[in-house]
**Student:** 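First the structure, which I've put down as structure tokens, then a few questions once you've had a look.
Note that the structure is a prediction, hence the values are computed from the model and not measured. Throughout, protein chains are lettered first and strands after them, A, B, ... in sequence-line order, and every chain is numbered starting at 1.
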2 protein chains.
Amino acid sequence: MSEPIRILVVDDHTVVRQGIVALLNTVPDLTVIAEAADGQEAIEVHRKHRPDVTLMDLRLPKIGGADAITLIRQECPTARIIVLTTFDGDEDIFRALQAGAKGYLLKGTDADELTSAIRSVYAGKSRIPAFVAEKLAERMGGPALTTRELEVLKRIVAGRSNKEIAGDLHISEATVKTHINSLLSKLGVSDRTQAATTALQRGIVHLD
Amino acid sequence: MSEPIRILVVDDHTVVRQGIVALLNTVPDLTVIAEAADGQEAIEVHRKHRPDVTLMDLRLPKIGGADAITLIRQECPTARIIVLTTFDGDEDIFRALQAGAKGYLLKGTDADELTSAIRSVYAGKSRIPAFVAEKLAERMGGPALTTRELEVLKRIVAGRSNKEIAGDLHISEATVKTHINSLLSKLGVSDRTQAATTALQRGIVHLD
DNA sequence: CGGCTTCTCCACCTTATGATGGATATTTTT
DNA sequence: AAAAATATCCATCATAAGGTGGAGAAGCCG
């Protein structure tokens with residue numbers, strides 16, 4: 001028998017992480033060699049152990065999953081990383097794949113699918129489910145928000161008024177309204193409250 | 001050696017559920033006798049197997065965790081249920097404990113704490129962490145929303161305008177504004193967008 | 001380079017939102 | 001049963017939010 005696949009598991013929820021570890025260690029050709037609870041730790045542990053495959057959640061303290069993937073692949077361009085997360089909206093999916101993730105699985109998948117995906121990615125293939133491709137297409141469809149619009153959107157979600165946003169960004173209130181108008185139509189909604197909820201739903205911004 | 005504690009694990013995320021099962025089954029005096037992926041299934045499985053302790057997530061399809069707890073304890077008032085969830089805001093905590101949960105753990109707890117809590121609750125004790133008590137006190141502090149206010153708040157989060165809400169509830173727009181004014185002050189915020197985000201944060205309403 | 005698009009910015013006008021005050025039930029307390 | 005508290009309802013007024021049109025600056029392509 002050949003060497004088992006060496007895996008790094010990254011998830012901030014200890015119970016979940018230990019559970020996945022226990023699950024994977026019941027499979028003969030897989031072995032979990034390390035764990036990490038946040039993005040910073042993931043980068044360090046990856047540098048030290050160079051796992052064959054990394055299983056990574058996206059919602060992480062300190063450094064988010066997508067950013068962690070970017071940084072890890074800067075150090076180690078051949079790193080094979082599978083995102084394993086609860087659905088966080090198309091924006092998160094997009095950023096993770098953009099960052100170089102080779103697979104994207106929901107926590108709703110079962111152990112067989114998971115191990116199968118690990119072996120696929122280890123073998124150099126990608127594992128992107130059909131519905132993820134759909135979501136991506138969906139995102140591609142809509143025009144992207146500009147930097148300024150995103151800044152305004154973040155503050156809308158934070159509950160700030162147009163006047164406050166104008167002060168934050170050192171621009172006039174009228175300009176803020178222009179940006180809002182623009183992002184409203186890009187998001188396909190008609191007021192700031194809808195903008196806030198859909199932004200949260202699509203993972204464009206987070207409450208934390 | 002005495003009989004092991006018989007456990008039911010309820011979680012809609014298959015990977016997480018199977019992971020927790022794998023984790024618990026490595027502990028000698030614990031045995032997972034059944035699993036469920038939603039509230040409806042949890043009730044049926046509980047009826048059939050009568051586990052000693054139930055480990056339940058709150059965010060579940062079909063029937064939510066808190067409602068499932070209520071229904072299970074109607075059938076079986078001695079049922080011992082531990083909520084194991086990611087933090088969902090004080091409202092969810094409150095409803096779960098109200099419904100008769102004996103423990104409330106975050107998924108950030110580790111395996112030792114988890115098994116310890118299971119044994120405690122099996123022995124008839126409660127396991128409510130200090131910070132949960134805090135959150136409860138916090139919730140108690142603020143006045144509760146009336147039925148009408150909650151209906152309005154749900155629609156605000158759904159992105160509906162005052163006029164639309166008035167139509168939905170068959171009341172005048174002026175009345176909707178009164179309810180909004182009232183719930184704004186109760187939530188301690190100053191506009192509908194803040195109301196929406198804090199309602200989501202506190203778990204008073206959900207996006208699904 | 002000139003034309004093109006895109007982003008950023010602002011002013012004006014209309015409408016939706018939130019504040020205030022108060023009326024009428026319904027329930028709880030005394 | 002009377003008094004007090006609570007929930008529901010509505011009207012008026014000031015302000016914040018959204019719609020529309022357009023100007024200047026930065027980058028892109030022919």
**Student:** Whether the B:Thr86 and B:Arg59 side chains hold a donor-acceptor pair (N or O, under 3.5 Å, no angle test) is what I'd like checked.
**Tutor:** no

**Student:** Could you give the CG-to-P distance, from B:Asp191 to C:dG18, as a whole number of Å?
**Tutor:** 6 Å

**Student:** Roughly how far, to the nearest 0.5 Å, is CZ of B:Arg148 from CG of B:Leu183?
**Tutor:** 13.0 Å

**Student:** Between D:dA25 atom P and A:Ile171 atom CD1, what is the distance in whole Å?
**Tutor:** 17 Å

**Student:** For D:dG19, does OP1 or OP2 lie under 4.0 Å from any side-chain N or O of A:Asn181?
**Tutor:** yes

**Student:** Grab the NE2-P distance between A:His179 and C:dT6 for me, whole Å please.
**Tutor:** 16 Å

**Student:** Select one nucleotide: of D:dA7, D:dA16, C:dG18, the one nearest the side-chain heavy atoms of B:Leu184.
**Tutor:** C:dG18

**Student:** At less than 4.0 Å, is any side-chain N or O atom of B:Asn162 found next to OP1 or OP2 of C:dA16? Yes or no.
**Tutor:** no

**Student:** When the distance from CD1 of B:Ile165 to C1' of D:dT8 is rounded to whole Å, what number comes out?
**Tutor:** 16 Å

**Student:** Among D:dG18, C:dA19, D:dC9, which is the nearest nucleotide to the side chain of B:Lys177?
**Tutor:** C:dA19

**Student:** Is there a side-chain polar atom (N or O) of B:Thr146 under 4.0 Å from OP1 or OP2 of D:dT8?
**Tutor:** yes

**Student:** Measure from CD1 on A:Ile180 to C1' on C:dT8 and round the result to the nearest Å.
**Tutor:** 15 Å

**Student:** Is the phosphate of D:dC10 approached by B:Ser172 (side-chain N or O, under 4.0 Å from OP1 or OP2)?
**Tutor:** yes

**Student:** Nearest to the A:Arg192 side chain among D:dA17, C:dC7, C:dT17, which nucleotide is it?
**Tutor:** D:dA17

**Student:** Donor-acceptor check, side chain of A:Glu41 to backbone of A:Ala37, threshold 3.5 angstrom: yes or no?
**Tutor:** yes

**Student:** Under 4.0 angstrom, heavy atoms only, what part of the nucleic acid is A:Thr178 near: base, sugar-phosphate, or nothing?
**Tutor:** base

**Student:** Kindly point out which of C:dT17, D:dC10, C:dC9 is positioned nearest to the side chain of A:Arg148?
**Tutor:** C:dC9

**Student:** How long is the line joining NZ of B:Lys163 and C1' of D:dA17, in whole Å?
**Tutor:** 15 Å

**Student:** Mapping B:Thr147 and A:Glu173 onto DNA chain D by nearest heavy atom, which one lands closer to the 5' end?
**Tutor:** B:Thr147

**Student:** Specify the separation, in whole Å, of atom CD of B:Glu164 and atom C1' of C:dT17.
**Tutor:** 14 Å

**Student:** In terms of the nearest nucleotide of DNA chain C, which residue is placed more toward the 5' end: B:Val189 or A:His170?
**Tutor:** A:His170

**Student:** Quick test of your reading of the model: are B:Arg192 and A:Asp191 salt-bridged, counting only N-O distances below 4.0 Å?
**Tutor:** no

**Student:** If you measure only the distance, is there a donor-acceptor pair under 3.5 Å linking the side chains of A:Gln201 and A:Thr197?
**Tutor:** no

**Student:** Give the rounded distance in Å between these two atoms: CZ of B:Arg155 and C1' of C:dT17.
**Tutor:** 18 Å

**Student:** Using only side-chain N and O atoms of A:Thr175, determine if any of them is under 4.0 Å from OP1 or OP2 of C:dT8.
**Tutor:** no

